[in-house]
Each structure stands twice: as structure tokens, then as C-alpha cells.
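Taking it in order: structure first as C-alpha cells, then the write-up.
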Amino acid sequence: MTQKSKMTDATKVTLDVAEMKSVLMDQKDFLVPVVQEAVQAMLEVEMEECLQAGKHERNEQRLGYRSGYYRRRLITRVGTIVLRVPQDRAGHFSTQVFEQYQRSEK
């Protein structure tokens, strides 16, 4: 096993504000994937809390089983995101991220 040598001199990073602004203006949808991943992660955590077990986890406290996903389109401030909402076999899971028939952010 080899050890990596630590960098001793500080690396200086300079940002050109005009260049960064032009990059962000060219990519209008740069926040959409970030928001989509964050909301998707929240849905997965909610499902784990509902079932008291993670994906493929076997334990005595488990309250149910997963049953795939359904797609949900949600309109947010940053744009339209497509989510994979987890389901459970018994149909007890209901997310707190959005209401049942809600299609856009409040």
C-alpha cells in the first residue's frame, strides 16, 4: 500500500466573475439536476424511515417491502424535475415532500 504525499504549497484559485456569470447564463438549467438529486435523496430517506429498513436490508424491525417506483413530474422554481417516487407493497408510504396530486411547488 502506498501513501500519497501531501501537498505542501497552497493552491491559489482565482475566479473571473464575468466568466462565471457567462457560463451560468449559457446554462439556464444548471440547478435542475442538483435539485432533482436532493429531492430524490429525500424520497429515499423517507421510504427507509417508513419501512424501518434500507434497500435489500433484512432486520426484525422491518415494517414492509418496497414495490418499485412511479414517475412524477414536479414543476419547481428552477424548472421541471422528474422524480422516481418509491412505493411499498401495502401502499402505506406517502411522502411529505409534496402532496398527493400536487404537480407544482407551492
Side-chain angles (χ1 to χ4, degrees):
M1 186 170 186
T2 61
Q3 290 184 343
K4 293 182 181 179
S5 61
K6 293 184 179 180
M7 185 181 256
T8 56
D9 26 339
T11 305
K12 184 176 181 181
V13 177
T14 58
L15 296 175
D16 183 9
V17 176
E19 183 179 342
M20 289 298 291
K21 188 174 181 180
S22 70
V23 168
L24 294 179
M25 294 304 285
D26 290 342
Q27 298 177 356
K28 300 264 186 219
D29 301 345
F30 76 97
L31 281 178
V32 172
V34 174
V35 172
Q36 184 170 339
E37 287 297 319
V39 174
Q40 189 67 49
M42 284 190 284
L43 290 172
E44 292 297 333
V45 168
E46 280 185 343
M47 177 56 98
E48 288 177 6
E49 289 175 355
C50 177
L51 298 178
Q52 297 296 313
K55 275 186 175 181
H56 311 292
E57 182 182 343
R58 306 287 186 244
N59 63 27
E60 298 297 321
Q61 295 82 23
R62 184 178 203 100
L63 300 177
Y65 296 92
R66 290 174 173 260
S67 180
Y69 296 87
Y70 66 92
R71 294 212 176 273
R72 167 61 72 90
R73 191 177 306 242
L74 186 64
I75 301 170
T76 64
R77 293 173 240 199
V78 298
T80 302
I81 59 175
V82 179
L83 299 170
R84 295 177 60 225
V85 181
Q87 300 177 15
D88 65 323
R89 287 186 187 173
H92 296 299
F93 176 70
S94 179
T95 181
Q96 301 297 316
V97 175
F98 48 82
E99 295 176 16
Q100 188 172 5
Y101 295 105
Q102 181 181 351
R103 297 290 186 240
S104 62
E105 177 185 26
K106 288 185 178 180

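Predicted model, so just to flag it, every value in this text is computed and none were measured.
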Full working for salt bridge (Lys or Arg N to Asp or Glu O under 4.0 Å) between Arg66 and Glu57: CA-CA 11 Å; Arg66 290 174 173 260; Glu57 182 182 343; over 6 Å; no

Can you get from Val97 to Val35 by hopping between Ile, Leu, Val, Met, Phe, Trp and Tyr side chains that sit under 4.5 Å apart? yes

With rounding to the nearest 0.5 Å, note down the distance linking CG in Leu63 to CZ in Phe93. 13.5 Å

Closest heavy-atom contact between Gln96 and Glu46? N-OE2, 3.1 Å

Separation between OG1 (Thr95) and CD (Glu44), nearest 0.5 Å, reads 10.5 Å

Which atom of Arg73 lies closest to which atom of Thr80, heavy atoms considered: CG-CG2, 3.2 Å

Do Asp88 and Met47 touch side chain to side chain, with heavy atoms closer than 4.5 Å? yes

From Leu43 atom CG to Glu48 atom CD, the distance as rounded to the nearest 0.5 Å: 11.5 Å

Looking at Tyr70, I'd like to know if its OH atom is crowded, meaning that more than 12 non-hydrogen atoms belonging to other residues, nucleotides or ligands lie closer than 6.0 Å. yes

Tell me whether Phe30 is reachable from Ile81 by hopping between hydrophobic residues (I, L, V, M, F, W, Y) whose side-chain heavy atoms are closer than 4.5 Å. yes

Backbone N or O of Glu49 within a donor-acceptor pair of the Gln52 side chain at under 3.5 Å? yes

To the nearest 0.5 Å, atom CG of Asn59 lies from atom CG of Leu51 at 10.0 Å

Can you measure from CD (Gln40) to OH (Tyr69) and round to the nearest 0.5 angstrom? 7.0 Å

Same apolar cluster: Val85 and Met42, side chain cutoff 4.5 Å: yes

